[in-house]
Amino acid sequence: MTVPSELYRPPLGLLTDLYQLTMAYAAYKSGASRREAVFHLHYRKNPFKGGYAVACGLSAAVDFIRNFRFAEEDLRYLAGLAGADGKPLFDEAFLAELGRLDLALEVDAVPEGTVVFPHEPLVRVQGPVIACMLLETPLLNLINFSTLVATKASRICLAARGEPVLEFGLRRAQGIDGGLTASRSAYVGGCAATSNVLAGRLFDIPVKGTHAHSWVMLFDSEREAFDAYADALPGNCVFLVDTYDTLQGVRNAIAVGNALRARGHDLIGVRLDSGDLAYLSQQARRMLDEAGFPKATVLASNDLDEGIIASLHEQGAAIAVWGVGTRLATAYDDAALGGVYKLSAVRDPGGPWQYRIKLSEQAVKISTPGILNVRRFVSDGQFIADMIWDETAPPRVGSEATLVDPLDPTRRKRIPEGTPYTDLLVPVFRGGRVVNQPPPAIEARAVAKAQLDGFHPGIKRMVNPHIHPVGLERGLHEFKTRLILEKRGVAP
């Protein structure tokens with residue numbers, strides 16, 4: 001049985017699905033492992049019925065790849081696995097190969113905090129087949145959830161209209177790793193701080209917190225509890241006022257605030273965690289102002305999300321800080337981003353690329369061949385369109401660009417010649433060595449804010465958002481169409 005101290009121990013070579021290893025073994029036995037491949041990680045639809053996503057998780061992915069290896073105990077475990085015939089699943093020569101495996105890969109990715117859209121590659125992996133295969137599951141695990149939570153946080157912060165959002169979700173998160181990942185991703189998405197102290201230390205995120213109802217219940221009266229807290233932490237007094245009677249709790253907070261002021265300190269605020277938050281916040285604000293505490297903050301929690309926060313704003317709630325827990329850390333109400341990792345090209349060592357495409361009865365599931373990048377065009381300081389293009393067949397310099405909708409080829413957008421642009425994928429690994437270390441969370445957070453400011457405001461709508469134009473470069477679209485027809489046995 002695995003003991004807890006071993007759960008997250010490095011290395012994490014076994015953090016994969018079994019089919020990745022069986023495919024790798026088959027590639028080894030067949031000789032296909034000598035080939036080089038290109039894979040792309042992308043997602044197919046925006047989460048939360050929204051207009052965008054915020055890319056996140058690259059920092060953890062870089063750490064995973066850099067530290068990747070199979071430990072001796074991992075290889076012993078794999079040696080003990082049996083197939084349906086009762087015989088060892090893997091032979092000793094293959095396991096020895098895994099023990100020597102070096103991820104000498106070329107990895108390109110969009111920087112954390114980049115605003116992204118369906119079908120766009122977030123990560124591109126190029127290198128030996130087995131190394132590429134073994135990264136599928138861990139990359140999806142690390143990028144999908146992080147991007148989902150960063151996007152949720154971004155939406156919540158937009159609903160808060162610039163007021164601080166504090167992430168309070170650790171106790172409801174999906175395990176230790178889920179809680180840490182959610183805290184970091186929420187900060188990248190725009191949250192001001194977290195209650196998660198370990199995340200604060202690991203990721204250099206500001207930490208914030210008040211007290212729980214149990215603190216008040218520990219004493220014979222609410223006033224006594226507030227007094228004791230103020231004695232211990234006179235410079236950090238935000239009182240939770242709804243343990244018994246919310247408005248009486250505000251009165252008790254004001255009384256303690258007056259005592260604090262007499263000692264040279266000030267009341268920072270009160271927190272509401274139940275009831276009619278719009279009404280109670282208005283009353284609390286009026287009471288604090290009348291008592292001479294106009295700078296004291298009204299903070300609210302209680303299963304908040306972007307929809308509830310937007311509604312409270314519409315109701316005139318006097319809330320200045322938002323504590324969001326469960327629905328942020330669990331990315332309610334989208335269970336997963338739905339990212340995929342698809343093969344797009346293979347070649348023999350030193351040979352030409354052979355392009356691959358996955359077909360489907362559903363157009364959204366048809367993959368795009370090539371070695372792809374994303375070109376983001378800018379006009380008058382605003383991002384106007386994204387073009388997915390193949391680096392082996394780049395658009396002609398100086399020519400007009402035409403974007404073709406991946407799901408509806410009759411929808412096209414022309415980009416005038418000379419329009420400024422930026423290519424989103426940047427080198428991260430070359431020859432298995434890091435060439436661009438992802439920046440800390442605070443810088444990724446700044447990237448996300450700057451990116452959102454550069455788009456049409458409509459993509460940030462909570463309901464029926466504007467669709468940012470994303471399309472295949474026309475030559476890539478035509479090549480993809482020919483390949484589809486060829487694979488389906490239809491004459492072009």
Nearest heavy-atom neighbours spanning [X] and [Y]:
X	Y	value
Y43	V116	OH-O, 3.0 Å
C132	L105	SG-CD2, 3.9 Å
P465	G51	CG-N, 3.5 Å
A320	P164	O-CD, 3.3 Å
L103	A131	CD2-CB, 3.5 Å

Step through the shown structure and confirm whether more than 12 heavy atoms of other residues, nucleotides or ligands are within 6.0 Å of [atom1] on [X].
X	atom1	answer
R461	CZ	yes
K358	NZ	yes
I442	CD1	no
E72	CD	no
Y77	OH	no
I467	CD1	no
R44	CZ	yes

Beyond-backbone contact of [X] with [Y], side-chain heavy atoms, under 4.5 angstrom:
X	Y	value
C157	V165	yes
V188	V447	no
F145	L142	no
I254	F293	yes
V256	C237	no
D242	L272	no
N196	F168	no
R271	S301	yes

[X] side-chain N/O to [Y] backbone N/O, donor-acceptor pair under 3.5 Å:
X	Y	value
T210	V238	no
K460	L452	yes
H456	H466	no
S281	L277	yes
N67	P11	no
D63	A60	no
Q315	S311	yes
T147	N144	no
D423	L425	no
H119	P406	no

Kindly determine whether D266 and K295 satisfy salt bridge (Lys or Arg N to Asp or Glu O under 4.0 Å), including the steps that lead there.
-> CA-CA 9 Å; D266 217 342; K295 293 182 180 180; over 6 Å; no
Would you kindly say whether [X] and [Y] are connected by a side-chain donor-acceptor distance under 3.5 Å?
X	Y	answer
E167	S183	yes
R286	Q283	yes
Y341	T137	no
T422	R376	no

Salt bridge between [X] and [Y], side-chain N to carboxylate O under 4.0 Å?
X	Y	value
E306	K152	yes
D386	R375	no
R184	D204	no
D231	R263	yes

Please test L304 against R327 for side-chain contact (heavy atoms from CB on, under 4.5 Å), starting from the C-alpha separation and ending with a verdict.
-> CA-CA 7 Å; L304 301 175; R327 297 192 174 197; over 6 Å; no
Atom pair [atom1]/[atom2] of [X] and [Y] - distance to nearest 0.5 Å:
X	Y	atom1	atom2	result
L98	L134	CG	CG	7.0 Å
D102	R69	CG	CZ	12.5 Å
S185	L328	OG	CG	9.5 Å
E106	R124	CD	CZ	9.5 Å
Q362	S360	CD	OG	5.0 Å
D177	N141	CG	CG	7.0 Å

Determine, step by step, whether W322 and L299 satisfy the side-chain contact (heavy atoms from CB on, under 4.5 Å) criterion, reporting the C-alpha distance in whole Å, the side-chain angles of both residues, the deciding distance to 0.1 Å, and the verdict.
-> CA-CA 6 Å; W322 306 85; L299 184 151; over 6 Å; no
Start with the C-alpha gap between I65 and L139, add the side-chain angles, then the distance that decides, and say whether side-chain contact (heavy atoms from CB on, under 4.5 Å) holds.
-> CA-CA 9 Å; I65 296 171; L139 280 183; 4.3 Å; yes
Audit row: D108, R430, salt bridge (Lys or Arg N to Asp or Glu O under 4.0 Å) steps and yes/no | CA-CA 9 Å; D108 297 78; R430 288 293 179 264; 2.8 Å; yes
Mind running side-chain hydrogen bond (donor to acceptor under 3.5 Å, both in side chains) on H313 and E163 for me, showing each step along the way?
-> CA-CA 11 Å; H313 269 300; E163 295 161 349; 3.2 Å; yes
Return the set of residues passing side-chain contact (heavy atoms from CB on, under 4.5 Å) with M23 (not counting sequence neighbours), or none when no residue passes.
->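 Checked M23 against side-chain contact (heavy atoms from CB on, under 4.5 Å); matches are Y19, Q20, M133.
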Return the set of residues passing side-chain contact (heavy atoms from CB on, under 4.5 Å) with A228 (not counting sequence neighbours), or none when no residue passes.
-> W215, F219
In chain order, what residues pass the ring pair (Phe, Tyr, Trp, His ring centres under 6.0 Å) check against F117, with sequence neighbours excluded?
->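 Here the qualifying residues are F455, H468.
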With a distance cut-off below 6.0 Å to the six-membered ring centre and an angular limit of 45° from the axis, does R66 pair with F429 as a cation-pi contact?
-> no
Please walk me through it: do I388 and N373 pass side-chain contact (heavy atoms from CB on, under 4.5 Å)?
-> CA-CA 6 Å; I388 302 168; N373 205 328; over 6 Å; no
